[in-house]
Amino acid sequence: MQTLTRRRFLAQCAVLTALPSVAISAGTSTNAHIIDMGNAAYLDRSQARIELDARDGCTRPNHDFYETLAFAGVNTVIRYYSDQNNANLNCKNVTRRERDMLHEHGLALAIVYQFEGRSKNRFTGARGTQDAEFCLHRAQVIGQPSGSAIYFGVDSDAALNSDQGVTEYFQAVAQVFAGRFDIGIYAAGARCDLIQSAELASRFWVPEAPAWLGTHAYMNSKRWHMFQNKTNIDLSAVTDGHGQKIHIDTNIVNPDQTRSIGAFNGDGSERLYDAQHLTSVVRAHYWVNRDRLPVYDFPGGAEVGHVCIARTVHVTSSHGGWAEVNIDEDGLPEGYVQQDGLLPLNQMPKWRRTGCKLMDI
């Protein structure tokens, strides 16, 4: 029997408390259940590891953290292929060892390729060929099953790369893959729209970057497959207290487009999500529709924080014009906001420069 630690207790409470007033099945969590993280949770990351499989490092997996993820209702982890363990991410590249560990905890694995994604004029046909061939090699190393997805991170606003360059990049990826893997794109709405219209990818993932070109229109077109609704969560009942600093991002799937993000299970099968559950998650998440929306300790009480326009909150309950909200996706509410300051997830407001600064609560 597993010991019920404080973190596991909080994670279980998260599942039980995250029951908003929207129609969901009894006991179903409406937390975002897909996370992405640039660095695997290992306790021995004291120096950069050049060798991608990190056989001399990243050898002490933080099982406590992965157990907490599973208890909190997370069922999928998105991890990286990258040319280097760069950007101070010593364990950035997923390895066969980590793949096995995730599967042992019941977590599906999805893959995104990202290296220097914010470089100007990086995306060209020649680079697409190079990156796709690299991904095929890494897929062979970790045993990624054919038919699963590999996303490519165009991790910058549209001005840094031309439409032609991005198009030629994905044309090259498609040619190299030759149908062996589904192609996904992680990019601003304008880039997702470009590649979707050209039929050069089948999965479309939008970052939490509301100011990026075309994101507002693309999200409201309802053509997106996955949305990264929160980034850099490190102080929550899920991420805190594991003996190391851990950052995660959370993601929401659009049930009108898909039941899968191309993740794979331990037996190589595709991880499929329950459509009703996906719908419940979407219905429990709202956009902030005010420049700065105060968060109160109780309705009409003292202000304890705020949230900014075109960012999301998870509504755990609502009554009398007030919404109880969870900001960091651990299922434990941080306070209350006025309900009329929120919009459903299918009605993204336009981001505007307001001076509102994102903050931890």
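Computed over heavy atoms, backbone and side chain alike; hydrogens, waters and symmetry mates excluded.
Side-chain contact check for Asn289 and Gln347: no donor-acceptor pair (N or O, by modelled atom type) lies under 3.5 Å. Between the side chains of Asn326 and Glu334, at least one donor-acceptor pair of N or O atoms lies under 3.5 Å. In this structure, a donor-acceptor pair under 3.5 Å is present between the side chains of Glu324 and Thr316. Ser82 and Gln114 form no side-chain donor-acceptor contact under 3.5 Å, judged by distance and modelled atom types alone. Residues His33 and Thr76 bring no donor and acceptor atom of their side chains to less than 3.5 Å of each other.
Within 6.0 Å of NZ in Lys350 there are 12 or fewer heavy atoms belonging to other residues, nucleotides or ligands. Heavy-atom contacts from other residues, nucleotides or ligands closer than 6.0 Å to CD of Gln140 number 12 or fewer. For CD of Gln164, the number of neighbouring non-hydrogen atoms (other residues, nucleotides, ligands) closer than 6.0 Å is 12 at most.
Ala275 and Arg259 make their closest contact through N-NE, 4.1 Å (heavy atoms, listed as atom of the first residue, atom of the second, distance). The two atoms that bring Leu213 and Ala188 nearest to each other are O-CB, 3.6 Å, heavy atoms only. Across Ile34 and Asn75, no two heavy atoms sit closer than the pair CG1-OD1, 4.3 Å. Heavy-atom minimum distance, Arg271 versus Gly106: NH2-O, 3.3 Å. The minimum heavy-atom distance between Trp224 and Met219, with the atom names listed, is NE1-O, 3.2 Å. Looking at every heavy atom in both residues, Ser280 comes nearest to Thr30 through O-CG2, 3.7 Å.
A donor-acceptor pair under 3.5 Å links the side-chain atoms of Gln244 to the main chain of Tyr42, judged by distance alone. No side-chain donor-acceptor contact under 3.5 Å links Arg138 to the backbone of Cys135. For the pair Glu329 (side chain) and Ala32 (backbone), a donor-acceptor distance under 3.5 Å is present. Judged by distance alone, with hydrogens and angles left aside, the side-chain atoms of Arg99 form no donor-acceptor pair with the main-chain N or O of Gly266 at under 3.5 Å. The backbone N or O of Ser269 lies less than 3.5 Å from a partner atom in the side chain of Asp267, making a donor-acceptor pair. At distances below 3.5 Å, not a single donor-acceptor pair connects side-chain atoms of Asn265 with backbone N or O atoms of Gly268. A donor-acceptor pair is defined here as one N or O able to donate and one able to accept, closer than 3.5 Å; such a pair exists between the side chain of His306 and the backbone of Lys357. Of the possible donor and acceptor atoms, one in the side chain of Asp297 sits under 3.5 Å from a partner among the backbone N and O of Ala302. Side-chain atoms of Tyr66 come within 3.5 Å of backbone atoms of Ala41 as a donor-acceptor pair (strictly under, hydrogens ignored). Side-chain N or O atoms of His319 include none that pairs as donor or acceptor with a backbone N or O of Ala323 at under 3.5 Å.
With contacts defined as side-chain heavy-atom distances shorter than 4.5 Å, the pair Tyr336/Val295 does not qualify. In this structure, the side chains of Pro255 and Val282 come closer than 4.5 Å at one or more pairs of heavy atoms. Using a 4.5 Å heavy-atom cutoff, the side chains of Asn121 and Leu160 are not in contact. A heavy-atom distance below 4.5 Å is not found between the side chains of Ile183 and Arg203. Within the 4.5 Å cutoff, the side chain of Gln84 has no heavy atoms near those of the Lys92 side chain. Between Val253 and Val281, the closest side-chain pair of non-hydrogen atoms is not below 4.5 Å.
Rounding to the nearest 0.5 Å places NE2 of His285 at 14.0 Å from CG of Asn346. Here the straight-line distance linking atom OG1 of Thr68 with atom CG of Asp240 works out to 11.0 Å at 0.5 Å rounding. Between atom CD1 of residue Ile78 and atom CD1 of residue Ile111 there is a gap of 9.5 Å, rounded to the nearest 0.5 Å. Summarising the geometry, atom CZ belonging to Arg97 is positioned 9.5 Å from atom SG belonging to Cys91; distances are rounded to the nearest 0.5 Å. To the nearest 0.5 angstrom, Asp83 atom CG is 7.5 Å from Glu116 atom CD. Atoms CG and CD, from Leu200 and Gln175 in turn, are 11.5 Å apart once rounded to the nearest 0.5 Å.
Applying the ring pair (Phe, Tyr, Trp, His ring centres under 6.0 Å) test to pairs two or more places apart or on separate chains, those with a residue in residues 182-202 are Tyr186-Trp205. Listed by first and then second residue, the side-chain hydrogen bond (donor to acceptor under 3.5 Å, both in side chains) pairs that reach into residues 210-220 are Gln196-Tyr218, His216-Asn220, sequence neighbours excluded.
Ion pairing between Asp340 and Arg290 holds under the 4.0 Å rule for side-chain N and carboxylate O. Salt-bridge formation is not detected for the pair Asp291/Arg311: no Lys NZ or Arg NE/NH1/NH2 atom is positioned less than 4.0 Å from an Asp or Glu carboxylate oxygen. Of the charged side-chain nitrogens involved, at least one lies within less than 4.0 Å of a carboxylate oxygen, so that Asp131 and Arg122 count as a salt-bridged pair. Ion pairing of Asp155 with Arg118 is present here, as a side-chain N (NZ or NE/NH1/NH2) and a carboxylate O approach within less than 4.0 Å. In this structure, Asp193 pairs ionically with Arg223, as a charged nitrogen and a carboxylate oxygen lie closer than 4.0 Å. The pair Glu303-Arg292 meets the salt-bridge criterion, with a side-chain N (NZ, NE, NH1 or NH2) lying under 4.0 Å from an Asp/Glu carboxylate O. Comment: Asp36 does not engage Arg79 in a salt bridge, judged by the lack of any side-chain N to carboxylate O separation of less than 4.0 angstrom.
Cluster annotation: Val307 and Ile309 are assigned to distinct hydrophobic clusters (Ile/Leu/Val/Met/Phe/Trp/Tyr, side-chain heavy-atom contacts under 4.5 Å, transitive). A continuous path of hydrophobic side-chain contacts links Leu136 to Phe115 [ILVMFWY only; heavy atoms under 4.5 Å]. Under the 4.5 Å side-chain heavy-atom criterion for ILVMFWY residues, no single connected hydrophobic cluster contains both Tyr151 and Ile185. Note on Ile248 and Val77: same hydrophobic cluster, where clusters join Ile, Leu, Val, Met, Phe, Trp and Tyr whose side-chain heavy atoms are under 4.5 Å apart, directly or indirectly.
Aromatic ring orientation, Tyr296 versus Trp322: perpendicular (interplanar angle above 60°, classes split at 30° and 60°). Ring geometry for Phe65 against His242 counts as perpendicular: the plane angle is over 60°, on a 0 to 90° scale with 30° as the lower cut. A perpendicular orientation is assigned to the rings of Tyr169 and Phe123, their planes being inclined by more than 60° (bins at 30° and 60°).
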### Message
Run the side-chain contact (heavy atoms from CB on, under 4.5 Å) test on Phe264 and His103 for me, step by step, so that the C-alpha distance in whole Å, both residues' side-chain angles and the decisive distance to 0.1 Å come before the verdict.
### Response
CA-CA 9 Å; Phe264 55 95; His103 291 327; 3.8 Å; yes
### Query
Yes or no on side-chain contact (heavy atoms from CB on, under 4.5 Å) for Thr250 and Ile233, after CA distance, side-chain angles and deciding distance?
CA-CA 8 Å; Thr250 60; Ile233 299 170; 3.8 Å; yes
#### Entry: Working for ring pair (Phe, Tyr, Trp, His ring centres under 6.0 Å), residues His314 and Tyr286
CA-CA 7 Å; His314 174 198; Tyr286 290 78; 9.6 Å; no
### Pair Asn85-Tyr80, side chain to side chain donor-acceptor pair (under 3.5 Å): steps then yes or no
CA-CA 10 Å; Asn85 288 321; Tyr80 282 80; over 6 Å; no
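Checking Ile327, Ile35, Asp328 one by one against Lys230, the side-chain contact (heavy atoms from CB on, under 4.5 Å) holds for a single residue, Ile327.
Annotation: salt bridge (Lys or Arg N to Asp or Glu O under 4.0 Å) contacts of Lys245 (sequence neighbours excluded): Asp234.
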